[in-house]
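I have placed the structure first, in the form of structure tokens, so that the comments after it can refer back to it.
Letters A, B, ... are given to chains in the order of the sequence lines, protein chains preceding strands, and every chain is numbered from 1. A quick note: this is a predicted structure, and the numbers were derived from the prediction, not measured. Heavy-atom basis, side chains included; hydrogens, waters and symmetry copies ignored.
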Number of protein chains: 2
Amino acid sequence: MNPAECSVRAALNIIGGKWKPVIIYYLMEGTRRFGELRKEMPDATQKMLTQQLRELERDGIVARKVHQVVPPKVEYSLTPYGRTLRPVMRELCKWGEKHMAGKR
Amino acid sequence: MNPAECSVRAALNIIGGKWKPVIIYYLMEGTRRFGELRKEMPDATQKMLTQQLRELERDGIVARKVHQVVPPKVEYSLTPYGRTLRPVMRELCKWGEKHMAGKR
DNA sequence: ACAAGTAGGCACTATTTTGTGCCCTAGTCC
DNA sequence: GGACTAGGGCACAAAATAGTGCCTACTTGT
């Protein structure tokens, strides 16, 4: 397996989850609280959201900031590293739109 | 789910298989016979290769050309539509390379 | 007569990914 | 002292994906 192909796979490992692109998409717009993400993507279960966020955190894409306050408050945002995904997401998105438009 | 996020998911549905990006990658270089692909990606089982090729064909990304000759000969290539994936793959690949380089 | 090479098909199993349901914490409001 | 809040954990069940093994048809070489 040559380097070019496995680099594509590496990228897909990061953004390839069912909800990860959606999370990244929202976080590209700005910081979100956990509950906000849940409202924005009601089809993702809480567990899935948590799980995918953890993975993205582990991979250095999102930052998780816990405010030690009374009702817990946790904010998620893209790390600088995560922001380097922007061009990738843009291409993916552009292609996806064209694809959906020309739907047979 | 807004249109931007679901377009990303639509794109991922096409190129998101375990072997699809690899297949697309090789076909971007040129037409391949089934057996050639097998040799280039020995970790994919024959079944997986066939399956993923069928899906890519169904989605209009690859063309399958059967030559009615004695030992069967089947050639796969990207359709013009498949070639529109080039920029997407390039970004994905660029990001993936940087990602692997900066591996912690 | 028989093995090899090509491009698969089909049934079944294994692995991975998603989803469900139920539980916790610690203040605070009533 | 019960309910509610926001974020999350854990065990398990279901579904999607991937992998294995064995089978076909046709022809050429031995």
### Query
Can you list every pair that meets salt bridge (charged side-chain N to carboxylate O under 4.0 Å, His left out) and has a residue in residues 44-56 of chain B, with sequence neighbours left out?
B:Lys20-B:Glu55, B:Arg54-B:Glu57
Quick one: is [X] getting a side-chain N or O under 4.0 Å of the [N] phosphate, OP1 or OP2?
X: B:Arg33; N: C:dG5; result: no
X: B:Lys18; N: D:dG19; result: yes
X: B:Arg54; N: C:dG9; result: yes
X: A:Tyr76; N: D:dA6; result: no

Rounded to whole angstroms, how far apart are [atom1] on [X] and [atom2] on [N]?
X: A:Lys20; N: C:dT18; atom1: NZ; atom2: C1'; answer: 13 Å
X: A:Leu53; N: D:dG7; atom1: CG; atom2: C1'; answer: 11 Å
X: A:Trp19; N: C:dT16; atom1: CH2; atom2: P; answer: 22 Å
X: B:Leu49; N: D:dG19; atom1: CG; atom2: C1'; answer: 13 Å
X: B:Lys47; N: D:dT24; atom1: NZ; atom2: P; answer: 19 Å
X: B:Arg9; N: C:dT17; atom1: CZ; atom2: P; answer: 16 Å
X: A:Gln51; N: C:dT16; atom1: CD; atom2: P; answer: 14 Å
X: B:Arg32; N: C:dA7; atom1: CZ; atom2: P; answer: 14 Å

### Query
Under 6.0 Å from the six-membered ring centre of B:Trp95 and within 45° of its axis: does the NZ or CZ of B:Arg90 meet both?
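No, B:Arg90 and B:Trp95 do not form such a contact.
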### Query
How is A:Gln52 classified with respect to the nucleic acid when contacts are heavy atoms under 4.0 Å: base, sugar-phosphate, or nothing?
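A:Gln52: backbone/sugar contact only, no base atoms under 4.0 Å.
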### Task
Indicate, with a heavy-atom threshold strictly under 4.0 Å, whether B:Gln46 touches base, sugar-phosphate, or nothing.
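B:Gln46: base contact, heavy atoms under 4.0 Å.
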#### Entry: Closest-nucleotide ordering on DNA chain C, the 5'-leading residue of A:Pro72 and A:Gly17
A:Gly17
### A:Lys39/A:Glu36 salt bridge by N-O under 4.0 Å criterion
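Looking at A:Glu36 and A:Lys39, the cut-off is not met.
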### B:Lys94/B:Glu97 salt bridge by N-O under 4.0 Å criterion
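So B:Glu97 does not pair with B:Lys94 through a salt bridge.
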Can you give each donor-acceptor pair under 3.5 Å made by side-chain atoms of residues 66-75 of chain A, sequence neighbours left out, with the distance rounded to 0.1 Å?
from, atom 1, to, atom 2, distance (Å)
A:His67, NE2, A:Glu75, OE1, 3.2

#### Entry: Nearest-nucleotide pick for B:Phe34, side chain only, options being D:dA6, C:dA7, C:dG9
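Closest nucleotide to the B:Phe34 side chain: C:dA7.
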## Note on the structure
The bend of the helix from C:dA1-D:dT30 to C:dC30-D:dG1, taken between the axes of its five terminal pairs at each end and rounded to 10°, is 30°
### Query
Are side-chain N/O atoms of B:Arg32 and B:Tyr26 paired as donor and acceptor at under 3.5 Å?
no
### Task
Assign the ring pair B:Tyr81 / A:His99 to parallel, tilted or perpendicular, where the plane angle (0 to 90°) is split at 30° and 60°.
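It falls in the parallel class, under 30°.
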